[in-house]
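See below for the structure under consideration.
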2 protein chains.
Amino acid sequence: MAKAYERIADELRDSIRAGQLAPGDRLPAESELSERFGRSHVTIREALRVLQTEGLIEKQHGRGSFVRQPRTKVRRTNERHQWEKDRARISEEQRSETGAAEHDTGLTVNDLVFRASYRDGAASPEIAKAMGIPEGTPLLERVYRTRYSAERAPLGLITSHLVRERIEANPDLLDETKEPWPGGTWNQLLTVGIEIDRIEELVTARPPTAEEAEELDLPPGTSVLQLRKTSYDTEGNVAEMSDVILPGDRTELLFTTHLERW
Amino acid sequence: MAKAYERIADELRDSIRAGQLAPGDRLPAESELSERFGRSHVTIREALRVLQTEGLIEKQHGRGSFVRQPRTKVRRTNERHQWEKDRARISEEQRSETGAAEHDTGLTVNDLVFRASYRDGAASPEIAKAMGIPEGTPLLERVYRTRYSAERAPLGLITSHLVRERIEANPDLLDETKEPWPGGTWNQLLTVGIEIDRIEELVTARPPTAEEAEELDLPPGTSVLQLRKTSYDTEGNVAEMSDVILPGDRTELLFTTHLERW
DNA sequence: GAGTGGTCTAGACCACTGT
DNA sequence: CAGTGGTCTAGACCACTCC
C-alpha cells in the first residue's frame with residue numbers, strides 16, 4: 001500500500017546503487033517509465049523528483065534524465081590564512097606569481113578571473129553586531145567573484161566589509177580599478193598598519209536563494225555553504241568581515257586544529 | 001509570459017520578504033490560492049514547492065502551510081578540541097566542576113550520548129585511504145547519536161573508526177556497555193598511550209539520504225553537513241577518524257585559526 | 001521532425017488535523 | 001465532521017535537443 005511514486009523511486013534508486021545504472025547513464029524516458037509501471041506521467045515525474053532532490057539524478061530538458069556524476073570538489077583550507085599572511089611581506093615579483101585562490105586549487109593565476117565592484121555602505125544592525133561596531137558605521141563593501149576560466153559558474157560569491165575609516169589612509173584601497181589589490185588584501189591592510197592575529201570562520205549550510213542558484217548554476221536540491229569569515233587584528237578588533245557563498249556540491253572545507261602538547 | 005507557478009511563487013515570496021506574512025503565519029489554503037490565482041490545484045502546489053525548497057515555508061499535512069521560523073542553531077567550535085584535551089588529564093571531580101563553567105563560554109559538551117553500538121569491521125578502501133592504513137585493517141566502529149534532552153531529533157549521527165590493535169590494551173574500550181567512555185574519548189586514548197596532536201575536519205554539504213532525513217527529522221530541501229574528523233597522534237598517524245552527519249538547518253560550525261605574529 | 005522533459009487542467013479520492 | 005494538504009489520472013500542449 002506504499003505510494004506509487006515512492007515504489008518507483010525505490011526501484012530506480014536500487015538500480016543506481018547496484019550499478020545497473022552507472023554515473024552518466026541516461027534513464028529510460030518518462031514515457032517509457034510511465035508505460036512500464038502503468039502510471040501517469042505526473043506520477044513518474046514525482047518519482048524522478050525524489051531522486052533529483054537526493055542528488056542521484058540530473059534532468060536535462062529535451063535530452064533526458066541522467067545518473068549524476070560526483071562533482072570534483074574544490075578544497076579550501078584554513079592553512080591558507082597563515083600562507084597569505086606570510087606572503088604579504090615578501091617581494092612583489094615573487095608575489096605576483098600566485099594568489100590565494102590558486103593556493104587552494106593548485107591553478108595558476110591565468111586560470112582565474114576576478115570581477116570586483118565596490119560600493120559605500122553603512123553597517124546594518126546585523127553587520128554591526130557581527131563586526132562589533134556601532135550601527136551606521138561607514139563601510140567599504142567589495143563584491144566579487146572568483147571563477148575558473150574553463151568553467152561557467154563562479155567558485156564563490158564574496159561580499160567583504162571593511163570599516164572605511166581604518167583604510168582610507170591608503171587611497172588605493174578605495175579604488176575598484178586597483179582590484180585585485182596589489183599584493184593581496186593582507187599586504188594592503190599592512191600599508192594602513194593592520195596586522196591580522198586570528199580568523200574566525202562560521203560555517204552553515206542552507207538552500208540557495210533563487211539568485212544564488214542562478215549565478216552558481218546549482219542544480220535543484222543542491223545547497224550552499226555559507227562561510228562568514230571574520231578577521232581580528234592584534235588589538236582584538238574586527239579588521240574585515242566577509243561572507244562567502246560556496247556551491248555545496250563542489251566545495252569542501254578543510255580545517256586543521258593544532259593542539260598543545262602534553 | 002512567465003510560468004504561472006513562478007509568478008505565484010514570486011508573489012508569495014514577496015509577501016514573506018515584506019513581512020506581510022510573518023514567521024509562523026499560516027498561508028492561505030491551497031484551495032483558496034487556487035481560486036485567487038485562477039489556477040489548478042497542481043499549479044498552486046508547484047508554486048508552494050518552490051518556496052519549500054527555498055526554506056521559506058513548511059507544509060504540514062492536514063494543517064496548512066506556514067512561514068518558516070529560523071531554527072536556533074547549535075554551535076560546534078574547534079576550540080572544543082583543546083578544551084577536551086585539557087580535560088582528559090584532570091581529576092574526575094574537577095572535571096564535573098568545570099563542565100558548567102565551560103558551558104557558559106559556549107563550549108557545550110553536555111550533550112548526552114544515547115544508544116551507542118559497537119561493531120568490528122575491517123577498513124574499506126575508502127576508509128583505509130582516509131586513515132592512511134592498509135585495506136582490511138581490523139577496526140572498532142562505534143555508531144552513536146548525540147542529542148539534547150529537550151529535543152526529539154538527534155544533533156548528529158556519528159560513526160567513529162579506531163584501529164583495534166592500538167586500543168585493545170584497555171578492554172574497556174571494546175565494551176559498548178561502558179559507553180560513554182569514562183572520562184571521555186581523550187582520557188581513554190590516554191590509557192593506551194595515545195596523545196592527539198592535531199585534528200583535521202573536512203566539511204561538505206550534501207542532500208540527506210532518505211534514512212538520514214528520517215532520523216534527523218529534516219524537512220524536505222534541507223541538506224546535511226558532513227564533517228569528517230581525523231585525529232592524528234604525535235607520530236603523525238591517524239588515531240581516530242569519525243564521520244559526523246549534522247542537520248544543516250540547525251548547526252553552525254565555528255573554526256578559529258590563530259596566526260603567527262609579525 | 002522525432003523524442004525528450006516541462007507546464008497545466010479538471011477532477012477524483014486519500015490521509016491527516018482539528019473540533 | 002469540515003478543512004487541510006497529498007496522491008493520482010488522462011490528456012493537452014509547450015520548450016528544448018538532436019539529427
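So that the names make sense, note that chain A is the first sequence line, chain B the second, and so on, each numbered from 1.
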Handout entry: Sequence-distant partners of Phe255(A), ring-ring contact (aromatic ring centres under 6.0 Å, His included), two or more places apart
Key = Phe255(B)
Exercise for the section: Name all residues meeting the side chain to side chain donor-acceptor pair (under 3.5 Å) criterion together with Arg206(A); count only those two or more places apart in sequence or in a different chain, and write none if there are none. Expected result: Glu212(A), Gln226(A)
Completion exercise
Going 5' to 3' through nucleotides 6-12 of chain C and flagging B where a protein heavy-atom sits under 4.0 Å of the base, S where only the sugar-phosphate is that close, and - otherwise, we get BBBBB-B
Completion exercise
Separation of dT4(D) atom C1' from Glu58(B) atom CD, nearest Å, is 15 Å
Exercise for the section: Please identify each residue that fulfils side chain to side chain donor-acceptor pair (under 3.5 Å) with Lys59(A), with sequence neighbours left out. Expected result: Glu30(A)
Exercise for the section: Apply side chain to side chain donor-acceptor pair (under 3.5 Å) to Glu126(B) and list each qualifying residue two or more places apart in sequence or on a separate chain. Expected result: Arg228(B)
Handout entry: Flag, side chain of Thr222(B) to backbone of Pro219(B), donor-acceptor distance under 3.5 Å
Key = yes
Exercise for the section: Using whole Å, report how far CG of Leu33(A) lies from P of dG3(C). Expected result: 17 Å
Practice task
To the nearest Å, give me how far apart CD (Glu32(A)) and C1' (dG5(C)) are.
Solution key: 14 Å
Practice task
Using only side-chain N and O atoms of Arg63(B), determine if any of them is under 4.0 Å from OP1 or OP2 of dG5(D).
Solution key: no
N/O donor to acceptor pairs below 3.5 angstrom from side-chain atoms of residues 20-28 of chain B, sequence neighbours left out:
from     : atom 1 : to       : atom 2 : distance (Å)
Asp25(B) : OD2    : Ala22(B) : N      : 2.9

